[in-house]
**Student:** 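The structure is given below, and queries will be raised subsequently.
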Amino acid sequence: RAAAEADGATLVVTAPSGGGRTRVLDACVLEARLLGAIVLRADERDGSARWGVARALLRQLLEQSPERAWPAAQRRAASLAHLVPELGAAEQAPAEPGGAAEQAIRARTQIALRDVFLEVAQSELAIAVVDDTHRIDEPSAAFLARLAHETRRKRLLLIVSAVPDDRTTAATAMQWLIHSGEPLRLKPLSAEETQQLVRSLFGETPNVRLVADRIHGASQGNPGAIMRIARYMVSTGSAHYGAGTWTLPGRAELPDLSLALHSRIDPRLGPSALELARAFAACEGLRLRWNECLPGCTPNSIRASGRLPV
């Protein structure tokens with residue numbers, strides 16, 4: 001609402017995978033549409049190619065505000081036509097990526113994109129929402145970082161989400177973007193909030209508190225993990241529905257819920273191999289020596305099981 005009064009901002013929503021970032025962005029998009037704003041949305045799927053996210057946002061802006069966006073873009077066609085060929089002739093792309101000529105074109109493209117967005121935002125409320133910015137292409141991340149510095153005193157709101165401390169090919173641009181915005185770090189659900197969520201799924205049924213406590217312990221309050229565990233319990237039959245109510249397992253029948261979070265781990269593994277597989281899943285990206293994993297667990301004993309996922 002502040003952006004509608006020419007007091008825009010950049011909001012950076014961070015949470016681990018499954019922490020609810022996309023749901024927050026969905027809520028922002030819904031509210032923006034209710035306000036009658038131009039809503040532009042992109043994510044990592046658009047960023048598989050260079051300038052992919054920037055191209056997707058620009059095309060949406062041209063579609064939703066043709067009276068203002070098209071003239072603004074056409075005045076900058078030489079810099080933008082390589083993103084949207086319909087604008088006309090583009091500058092010649094340099095033969096060597098990363099060379100001085102390409103860097104010059106890159107800078108002109110970023111400035112042209114920024115100017116088009118700001119020109120539209122002078123008269124219309126525009127909201128750009130980009131999910132999983134830690135996975136988008138580097139030129140688009142750099143453009144968003146540049147745009148983030150210009151949202152103040154404009155009818156423009158930029159909302160992005162990212163996994164904190166995630167390795168990314170656009171690390172420098174992401175740091176600029178994160179430091180330019182107002183941080184909103186989503187916290188895990190508390191034990192009480194996890195219980196409320198589990199009760200909303202299974203109702204007031206016997207053992208629901210026990211199951212909720214176990215789910216909270218396995219998920220660490222991560223909403224996405226909670227839902228995965230709930231689906232796992234249903235698919236394995238440990239939670240089943242009949243006669244209008246859910247039946248949940250008691251303490252003795254409750255399965256190992258951590259397996260729901262690592263679907264590639266075969267539950268038929270022996271105790272040592274199963275524990276090692278869980279440790280590897282929890283420590284993804286780390287280099288560990290065998291003697292740092294489990295005493296008495298060797299590569300041969302794992303290979304002999306024939307079931308450890310690669």
Side-chain angles (χ1 to χ4, degrees), residues 1 11-35 37 39 41-45 127 129-135 157 159-166 182-265 267 274 278 281-282 284:
R1 295 180 185 276
L11 182 64
V12 182
V13 182
T14 61
S17 179
R21 302 186 317 275
T22 301
R23 289 184 179 273
V24 170
L25 266 57
D26 288 342
C28 292
V29 166
L30 176 59
E31 183 169 352
R33 285 177 174 154
L34 292 175
L35 289 173
V39 179
R41 187 159 191 179
D43 57 32
E44 61 171 314
R45 292 170 294 183
I127 298 179
V129 178
V130 183
D131 203 0
D132 293 332
T133 49
H134 55 288
R135 294 178 180 170
L157 179 61
I159 306 174
V160 302
S161 77
V163 171
D165 305 321
D166 191 272
E182 300 175 14
L184 175 60
R185 190 179 184 95
L186 303 182
K187 297 180 180 179
L189 299 183
S190 65
E192 181 179 352
E193 289 169 333
T194 300
Q195 282 205 26
Q196 293 175 356
L197 178 54
V198 173
R199 290 179 189 275
S200 73
L201 296 173
F202 297 114
E204 293 292 341
T205 188
N207 298 325
V208 67
R209 184 181 182 86
L210 167 66
V211 169
D213 288 343
R214 292 290 184 87
I215 289 178
H216 183 74
S219 68
Q220 298 297 303
N222 182 291
I226 292 171
M227 298 305 295
R228 286 175 61 185
I229 292 174
R231 288 193 293 268
Y232 172 81
M233 292 183 64
V234 173
S235 66
T236 57
S238 58
H240 57 274
Y241 187 80
T245 187
W246 284 98
T247 300
L248 300 178
R251 191 178 303 275
E253 300 85 15
L254 199 61
D256 184 352
L257 299 181
S258 65
L259 292 178
L261 305 181
H262 309 297
S263 58
R264 295 180 64 198
I265 297 179
L274 190 58
R278 291 197 196 100
E284 184 177 359

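Computed over heavy atoms, backbone and side chain alike; hydrogens, waters and symmetry mates excluded.
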**Student:** Without swapping roles, check the side chain of N222 against the backbone of A225 for a donor-acceptor pair under 3.5 Å.
**Tutor:**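 Flag set: sc N222 to bb A225 pair under 3.5 Å.
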
**Student:** Which residue is it: I215, V234, V198? I am looking for the one with a side chain to side chain contact (heavy atoms under 4.5 Å, CB included) to I229.
**Tutor:**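 The side chain to side chain contact (heavy atoms under 4.5 Å, CB included) with I229 is passed solely by I215 among I215, V234, V198.
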
**Student:** Which heavy-atom pair separates L210 from P249 by the least distance, and what is that distance?
**Tutor:**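 What the structure gives for the nearest pair is CD2-O, 4.3 Å.
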
**Student:** When you compare the side chain of E193 with that of H216, does any pair of heavy atoms fall below 4.5 Å?
**Tutor:**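 No; the side chains remain at least 4.5 Å from each other.
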
**Student:** Just by modelled atom types, is the V208 backbone N or O under 3.5 Å from a matching donor or acceptor in the T205 side chain?
**Tutor:**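 Not at all, since once roles are kept as given, no pair shorter than 3.5 Å links the two residues.
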
**Student:** Below 4.5 Å, heavy atoms only, C-beta onward: do S219 and R228 meet side chain to side chain?
**Tutor:**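 A side-chain contact is absent here, since even the closest heavy-atom pair is not under 4.5 Å.
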
**Student:** Rounded to the nearest 0.5 Å, how far does OG1 of T245 lie from CZ of F202?
**Tutor:**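 The distance works out to 11.0 Å.
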
**Student:** With rounding to the nearest 0.5 angstrom, report the CZ to OG1 distance, R231 to T236.
**Tutor:**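 Answer rounded to 0.5 Å: 13.0 Å.
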
**Student:** Measuring from D43:CG to R135:CZ, what's the distance to the nearest 0.5 Å?
**Tutor:**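 So the gap between those two atoms works out to 10.5 Å.
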
**Student:** Taking all atoms of both residues into account, what is the closest heavy-atom pair of A239 and L248, and its distance?
**Tutor:**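 Between these two residues, the closest heavy atoms are CB-CD2, 3.6 Å.
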
**Student:** Would you indicate whether the side-chain heavy atoms of R33 and I127 approach each other to under 4.5 Å?
**Tutor:**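 No, their side chains stay 4.5 Å or more apart.
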
**Student:** So how far is it from L201 CG to Q196 CD, rounded to the nearest 0.5 Å?
**Tutor:**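 So the gap between those two atoms works out to 12.0 Å.
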
**Student:** Check whether any side-chain N or O of T194 sits under 3.5 Å from a backbone N or O of A212 as a donor-acceptor pair, and report yes or no.
**Tutor:**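 Flag not set: sc T194 to bb A212 has no pair under 3.5 Å.
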
**Student:** Do P223 and L189 touch side chain to side chain, with heavy atoms closer than 4.5 Å?
**Tutor:**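 Sidechains of L189 and P223: in contact.
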
**Student:** Does the distance from a Lys or Arg side-chain N to an Asp or Glu carboxylate O, for D131 and R45, drop under 4.0 Å?
**Tutor:**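 Salt bridge flag = no for R45 with D131.
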
**Student:** Quick check: do D26 and R41 have side-chain heavy atoms less than 4.5 Å from each other?
**Tutor:**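 The answer is yes; the side chains approach within 4.5 Å.
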
**Student:** Is there a donor-acceptor contact under 3.5 Å from the side chain of T14 to the main chain of V163?
**Tutor:**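 No, the answer is negative, given that no donor and acceptor are paired below the 3.5 Å cut-off.
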
**Student:** Check whether any side-chain heavy atom of W246 lies under 4.5 Å from a side-chain heavy atom of N207, and answer yes or no.
**Tutor:**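 They are not in contact (no side-chain heavy atoms under 4.5 Å apart), so the answer is no.
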
**Student:** Give me the atom names and distance for the closest heavy-atom approach of Y232 to S235.
**Tutor:**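 Between these two residues, the closest heavy atoms are O-OG, 3.0 Å.
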
**Student:** Looking only at non-hydrogen atoms, find the nearest pair between L186 and G19 and report the distance.
**Tutor:**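 The answer is CD1-O, 3.7 Å.
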
**Student:** Donor-acceptor check, side chain of R21 to backbone of A15, threshold 3.5 angstrom: yes or no?
**Tutor:**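 Flag set: sc R21 to bb A15 pair under 3.5 Å.
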
